[in-house]
Trainee: 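Encoded as structure tokens, here's the structure I'll be asking about.
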Amino acid sequence: MVRTPCCKPELGLKKGAWTPEEDQKLISYLNNHGEGGWRTLPEKAGLKRCGKSCRLRWANYLRPDIKRGEFTEDEELSIISLHALHGNKWSDIARGLPGRTDNEIKNYWNTHIKKRLIKKGVDPVTHKSLISETSKSENLPEILNNQNIIQTIITINE
DNA sequence: AAAAATAACAACCGCGCGAGG
DNA sequence: CCCTCGCGCGGTTGTTATTTT
């Protein structure tokens, strides 16, 4: 069976950037009622959005407990080591970084860290050095091979 | 100074999973 | 038990800002 799009083309559903007015509606609705019921929330809150869009907006920008702004060096190192352990499990990584969301971390990884690792000759997937890979303990499980993480951290630190 | 290229970031999309019927 | 449905996830795109030529 074909999965119908979660956000039906039911006229006038807005997409794209959120306006301050929309944010306000969403915030006040969620303050009064709790989270949850995303499917039917937009209508109740008077928003011309699909529930998914509302959820994302809340989770990544409007929630009161989100830290904004630059990632600190510590946070960056955390991301790198957690990524070495978990791979692209952004939500897992986010749990290790209070106030940061999976989406934010994912973005940061893709736009900042990945690029720099590559430049430094470190494979962003395996966290192994691409240049003198050869003689290292390749047979160990990745997780046990702390060398990779250490190497990565040293490298990223310039 | 203007255009082109690249980076940054917010948001969208489809899919899988688990809860409830 | 099987089937349906919403939620959350991860990959990806679209748009704006910044940098380079």
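Each chain gets a letter, A, B and so on, in the order the sequences are listed, and its residues count up from 1.
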Trainee: Can you give one letter per nucleotide of nucleotides 8-21 of chain C, going 5' to 3': B for a protein heavy atom under 4.0 Å from the base, S for sugar-phosphate only, - for none?
Mentor: BSBBB---------
Trainee: Round to the nearest Å and state the distance from A:His112 atom NE2 to B:dC9 atom C1'.
Mentor: 8 Å
Trainee: Counting side-chain heavy atoms from CB outward, which of B:dA11, B:dC12, B:dA8 is closest to A:Arg57?
Mentor: B:dA11
Trainee: What is the separation between atom OH on A:Tyr61 and atom C1' on B:dA10, rounded to the nearest whole Å?
Mentor: 5 Å
Trainee: Angle between the end axes of the helix from B:dA2-C:dT21 to B:dG21-C:dC2, five pairs per end, to the nearest 10 degrees?
Mentor: 0°
Trainee: Please identify each residue that fulfils ring-ring contact (aromatic ring centres under 6.0 Å, His included) with A:Tyr29, with sequence neighbours left out.
Mentor: A:His33
Trainee: Test of understanding: with side-chain contact (heavy atoms from CB on, under 4.5 Å), list the residues that count as partners of A:Leu30, not counting sequence neighbours.
Mentor: A:Leu26, A:Glu35, A:Trp38, A:Leu41, A:Trp58
Trainee: Does A:Ser78 have any side-chain hydrogen bond (donor to acceptor under 3.5 Å, both in side chains) partners at least two apart in sequence or in another chain, and if so, which?
Mentor: none
Trainee: Apply side-chain contact (heavy atoms from CB on, under 4.5 Å) to A:Lys106 and list each qualifying residue two or more places apart in sequence or on a separate chain.
Mentor: A:Trp90, A:Asn103, A:Asn110
Trainee: Does A:Lys25 use its side chain to pair, donor to acceptor, with the backbone of A:Gly46 at less than 3.5 Å?
Mentor: yes
Trainee: What's the CH2-C1' distance between A:Trp109 and B:dC9, to the nearest Å?
Mentor: 18 Å
Trainee: With sequence neighbours excluded, tell me which residues meet side-chain hydrogen bond (donor to acceptor under 3.5 Å, both in side chains) with A:Asp92.
Mentor: A:Arg95
Trainee: Whole Å only: how far is the CD1 atom of A:Ile118 from the C1' atom of B:dT6?
Mentor: 15 Å
Trainee: CZ of A:Arg100 versus P of B:dC9: gap in Å, rounded?
Mentor: 11 Å
Trainee: Specify the separation, in whole Å, of atom CD1 of A:Ile113 and atom P of B:dC9.
Mentor: 12 Å
Trainee: Can a side chain N or O of A:Arg39 be found less than 4.0 Å away from OP1 or OP2 on C:dT4?
Mentor: no
Trainee: Tell me every residue that passes side-chain hydrogen bond (donor to acceptor under 3.5 Å, both in side chains) with A:Glu21, counting only those two or more places apart in sequence or in another chain.
Mentor: A:Thr19
Trainee: Within the structure provided, determine whether A:Ile93 and A:Asp102 are in side-chain contact (heavy-atom separation under 4.5 Å).
Mentor: no
Trainee: Nearest-Å distance, OH (A:Tyr108) to C1' (B:dA10)?
Mentor: 17 Å
Trainee: Name the nucleic acid region contacted by A:Gly37, choosing base, sugar-phosphate or nothing; use a 4.0 angstrom heavy-atom cut-off, strictly under.
Mentor: sugar-phosphate
Trainee: For residues 58-69 of chain A, which residue pairs pass the salt bridge (Lys or Arg N to Asp or Glu O under 4.0 Å) check, not counting sequence neighbours?
Mentor: A:Arg63-A:Asp65, A:Lys67-A:Glu75
Trainee: Would you indicate whether the side-chain heavy atoms of A:Phe71 and A:Ile105 approach each other to under 4.5 Å?
Mentor: yes
Trainee: Quick one: side-chain hydrogen bond (donor to acceptor under 3.5 Å, both in side chains) partners of A:Lys14, sequence neighbours excluded?
Mentor: A:Glu22
Trainee: Heavy-atom contacts under 4.0 Å between residues 19-30 of chain A and DNA chain B, which residues?
Mentor: none
